Amino acid sequence: MPATPESLQSFVNYCQQHLRGDEKSEAQTFLTKFFQAFGHEGTKEVSAEFEDRLTKGSAKGKTGFADLVWRSRAGVPGVLIEMKSKRENLSKHYAQLERYWMRIAPNRPRYAILCNFDEFWIFDFENQVDEPVDQVLLEQLPQRMGAFSFMEIGGLSPVFKNNQVAVTERTARRMGELYQLIYERAKKTGFRDFNEEQLQRFLLQCVMAMFSEDRGLLPSNLFVGLVQDCKDKKASSYDILGGLFQEMNRPGVTPAGRYKGVNYFNGGLFASVQAIDLTSEELGLLDACARDNWSNIRPSIFGNIFEGAIDPEKRHAHGIHFTSEVDIRQIVRPTISDYWEDRINAANTIGELNTLQMELQGYRVLDPACGSGNFLYVAYQELKRIERLLMDKIAARKRSESTVAAISFVTPMQFFGMDTNPFAVQLARVTMMIARKIAIDKYQLTNEPALPLDTLDQNIVCEDALFGRWVKANAVIGNPPFLGGKHLRMTLGDEYIDRVFNRFSDVKDSVDFCAYWFRLAHHHISETGRAGLVGTNSISQGKSRKAALEYITQNGGYIHEAISTQPWSGEANVHVSLVNWCKQQPQVYHLDNHPVQQINSSLQSVIDVSQAVRLKANLNQCFQGIIPVGKGFIITEQQAEQWIKSDSKNQEVIKLFSMGSNLAKKPLGKPDRWIIDFNDMSLEDAIEYKLPFEWVRANVKPERDKNRDAKARKYWWRFLRFRTEMRDALASLSGYFAVPEVSKWAIFISCASDWLPGNKTKAVASDDFYILGVLLSSVHRIWMNAQKSTLKADIAYTHNTCFETFPFPQNPDTKLIKQIRVTATELHEYRSEQMQKKKWGITQLYNAFFNEPSSQLYQLHAKLSKLVMQAYGFNENDDILEKLLTLNQELAAKEKQGESIVGPGRPVE
């Protein structure tokens, strides 16, 4: 039955009458009763676990036991609960709770609770970190049950009193609307009274004033009152707000008048004041923003939302993406927090602790693509928490009260940023100015003056990190821009990209833009420094991996913590990797929140196959299909039939077009599109096919005439890549085998010889079902999964890494070859029958049956894999990946000596 105020009151009464609040002896009783109050039979009955063992830090052997973990499952978000003894200060245990939460995998719960028998601090780590979304006293539980709705059967949506994210999103978007409103008005006058940069500074001065008013840096209700006066037409914002900003830049305290009590802020943000006369509509929006509670604004996301509301198209075009707080912390915690916490925990003498204090005072953090300052803000707040942790330990050793309030030494001046966007730089400076006041309030730093604000003009600068000077920093963090190599020139221009290629002349290919930041970050961190960056998941694949992560691991770097791939939490529809590394060998490694023995440049913990050699015997056997470049080459079936009917000769240049989608989704993989294919014909030969040629002239040539590639313009009737080698290899075969370039399963199927493979297809030049059997076996799938690229969550089968490096069996028994061929044929016939009967594609078939032991699909694959293992001489206890890598190296050495090896050609029987 669901929770009721009565069931929760009964729980409160029990706790007050029977429990003393001892963590060790009473936590499990408390939690069992807590679950029962919300209608559950108990904790075990819902699969919640007591004392779940989790890693605590980055030092070897540092593990702990979370008091209760209730993992998420379909439709229910779950919860992590950490208990402390009665009257314990819960703020001291936030870091432990967060670390436990990060280490839960899989099915990490969304919510977390700190509880000391008297009060509950509720956290929604997927939405708002470092601040509870609600705090509820035990006796308030019956009246505040809505904050715990996620505990109920079915997991309902909770209602929290401190959801700062919602407030921040609303206010930031309002500020974005205000900017657009003023900007469009100014644009109509040709920016006669102020330019865009002056408008941006004016609004940032408003932001600082609104924050300062609600944080006690300005007299109460001053800014709200000034805006109201302007709305009531008692004054002009040009005079009133402009006057306020001038006072905020005047040393001393304003002694009298309308701005009485305004203190000096700084000579940075307020050094230049551009007054603006706002309209009634604009004042209405500013008034709405001013009346929000700026004490609840989260600076770590405000800037990005505000900036995105101003010019979202520009941000997406240049690969600039919003980073969620939880992802920022998955960079900041391993790179900065764990490093310092482990060192503080290991220090036991006053001398050691004082040395750490001096080092912390000089510790510098750099974000070389800082945007609005999100990473820098989170890192600053973490270092202030580390400062408190260190000073508390010093005080404990001296047996005195903590001196942190009197001696606060971590300042925004230790943080540095670079960005090419001038407005983002201004936002980042404001974010860090706000950060200092928040830390003063949070840690009650009574002896640290809140004003004047730091002037960060020399710390956070408008500069291109790829060409500018990086400050010497102990930690480099951030989210550099994502932009695929093929989009670089189109987006950033030839001149700029030529500069980049000259600057990084040892990077031979076009790579994802973010790869350059990984190289520079590794170059700039010291021997004891650390770095953590977010990149697209291509950073661990192909050319980008070689330019970035392989460069790091081959130049003294150790990847100690990483998330290999996850959907991006921001607006961009990409998958990302989170990578943390250092130059001193770490004691422990964590990959996807699991402890592992090592992490290689492919962001895998298994043996590193990135050094596998492409075997000559496998070359020109697996091909990427043709690349047309011109939508007009594709025609309908009706057009194909009409043109062939008009002239039977046209069938020579009209082909069924096989792409990855039909291979994966259509029954038997049969193509559903037709394409005009002039192969390598001369213009004189192509014109002989009148109807297809005229169609291409009308529908392809205009597009090709605009193409940047001179060859594409000159030979407009041909495909840009018509793949002569592939056609020659397939010409004499009765069929071939193919796999979609990107798919969920990456399963090879048999294709008819008259299907023309497209660029989303990888075609193997063989019609021997023995070869198909090897490619469908678990042996090849193990190799493929180690070598594959990924696009989002799908497998990307690459012919140069998955196929050309794959060592085929060298001395298979003739009987085994026949058995593999027969079994592969049987599997092919079974799949064909099922796809035809059910009207399914190969993906749907494998979704339904591949992991079902009772299915014929599962059994045929198991039989095939067993036979292929025998052909290699492997057994089930072998490390197959290691065996294959060894075989690859051995065969490569033989080829180097001039010996021939067995490739995917038909074996001799």
Side-chain angles (χ1 to χ4, degrees), residues 606-607 609 612-618 621-622 736-737 739 745-750 764-788 795 797 801-832 842 846 849-895 899-909:
V606 295
I607 187 169
V609 298
V613 178
R614 295 167 67 190
L615 302 171
K616 294 176 183 177
N618 292 8
Q621 299 289 328
C622 182
Y736 61 92
F737 307 123
V739 64
W745 293 100
I747 294 293
F748 283 85
I749 66 171
S750 180
V764 174
S766 175
D767 56 5
D768 184 354
F769 274 72
Y770 163 75
I771 296 299
L772 178 63
V774 175
L775 295 174
L776 290 174
S777 72
S778 61
V779 177
H780 184 65
R781 292 190 68 77
I782 289 170
W783 186 260
M784 175 193 72
N785 282 319
Q787 288 280 29
K788 70 186 179 185
I795 295 170
Y797 192 95
T801 57
C802 294
F803 186 90
E804 292 176 356
T805 61
F806 178 66
F808 280 81
Q810 292 302 293
N811 299 296
D813 182 78
T814 302
K815 183 179 178 182
L816 273 175
I817 292 173
K818 289 180 178 178
Q819 289 177 310
I820 291 170
R821 186 176 291 131
V822 167
T823 306
T825 303
E826 188 179 351
L827 176 57
H828 165 68
E829 291 171 349
Y830 160 79
R831 298 190 312 186
S832 300
I842 199 77
Y846 275 71
F849 299 129
F850 187 70
N851 291 317
E852 290 290 340
S854 59
S855 73
Q856 193 172 350
L857 181 71
Y858 180 96
Q859 292 167 7
L860 284 169
H861 266 282
K863 179 181 178 182
L864 190 59
S865 294
K866 185 176 181 180
L867 290 169
V868 172
M869 290 273 282
Q870 292 175 18
Y872 279 98
F874 297 164
N875 64 64
E876 60 183 16
N877 296 321
D878 286 336
D879 184 330
I880 303 301
L881 200 58
E882 185 176 8
K883 287 274 189 179
L884 288 172
L885 181 60
T886 300
L887 182 57
N888 169 275
Q889 302 292 315
E890 291 173 353
L891 297 181
K894 287 184 178 181
E895 287 189 328
E899 297 182 41
S900 296
I901 66 169
V902 176
R906 186 187 296 255
V908 178
E909 298 185 24

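Here the structure is a predicted model, which is why all the values come from computation and not from measurement.
For the atom pair Q810 CD and K894 NZ, the distance stands at 6.5 Å (nearest 0.5 Å). The distance from atom CH2 of W783 to atom CZ of F803, rounded to the nearest 0.5 Å, is 13.0 Å. A distance of 9.5 Å separates NE2 in H861 from OG in S777, rounded to the nearest 0.5 Å. Within the model, atoms CD1 of I820 and NZ of K863 stand 11.5 Å from one another, a figure rounded to the nearest 0.5 Å. With values rounded to the nearest 0.5 angstrom, H828 atom NE2 is found 8.5 Å from L772 atom CG. Here the OG atom belonging to S865 is positioned 12.5 Å from the CD atom belonging to E876, to the nearest 0.5 angstrom.
L615 and A892 make their closest contact through CD2-N, 3.8 Å (heavy atoms, listed as atom of the first residue, atom of the second, distance). When all heavy atoms of G773 and L864 are compared, the pair lying nearest together is O-CD2, 3.5 Å. For the residue pair N618 and G903, the shortest heavy atom distance occurs at OD1-CA, 3.7 Å. Closest of all the heavy-atom pairs between V774 and H780 is O-CB, 3.3 Å. Residues A786 and L881 come closest through the heavy atom pair CB-CD1, 3.7 Å. A pairwise comparison of heavy atoms in I771 and P904 identifies CD1-O, 3.0 Å as the closest pair.
Side-chain N or O atoms of N888 include none that pairs as donor or acceptor with a backbone N or O of P807 at under 3.5 Å. Looking only at distances, no side-chain donor or acceptor of E895 sits under 3.5 Å from a matching main-chain atom of I901. Using a distance-only test at 3.5 Å, with no hydrogens or angles considered, no donor-acceptor pair links the side chain of D878 to the main chain of I880. Within the 3.5 Å criterion, the main-chain N or O of C802 finds no donor-acceptor partner in the side chain of E804. A donor-acceptor pair under 3.5 Å is absent between the side-chain atoms of R781 and the main chain of I747, judged by distance alone.
Side-chain contact check for L827 versus L857: some heavy-atom pair is nearer than 4.5 Å. Residues K818 and T814 meet the side-chain proximity criterion, which asks for heavy atoms closer than 4.5 Å.
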- Under the side-chain contact (heavy atoms from CB on, under 4.5 Å) criterion, do T823 and K866 qualify, and how do the steps go? CA-CA 11 Å; T823 306; K866 185 176 181 180; over 6 Å; no

- Could you go through the side-chain contact (heavy atoms from CB on, under 4.5 Å) check for K883 and D879 one step at a time? CA-CA 6 Å; K883 287 274 189 179; D879 184 330; 5.7 Å; no

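Ring geometry, F806 versus F808: the interplanar angle exceeds 60°, so the pair is classed perpendicular (tilted spans 30 to 60°).
Of the options D813, V868, L867, a side-chain contact (heavy atoms from CB on, under 4.5 Å) to Q819 is made by L867 and by none of the others. Partner F748 forms a ring-ring contact (aromatic ring centres under 6.0 Å, His included) with one of Y797, F737, Y846 and no other, that one being Y797.
Atom CG of N875 has more than 12 heavy atoms from other residues, nucleotides or ligands within 6.0 Å. By the neighbour-count criterion of 12 heavy atoms within 6.0 Å, atom OH of Y858 is sparsely surrounded, having that number or fewer from other residues, nucleotides or ligands. The environment of CD in E899 is crowded: more than 12 heavy-atom neighbours from other residues, nucleotides or ligands sit within 6.0 Å.
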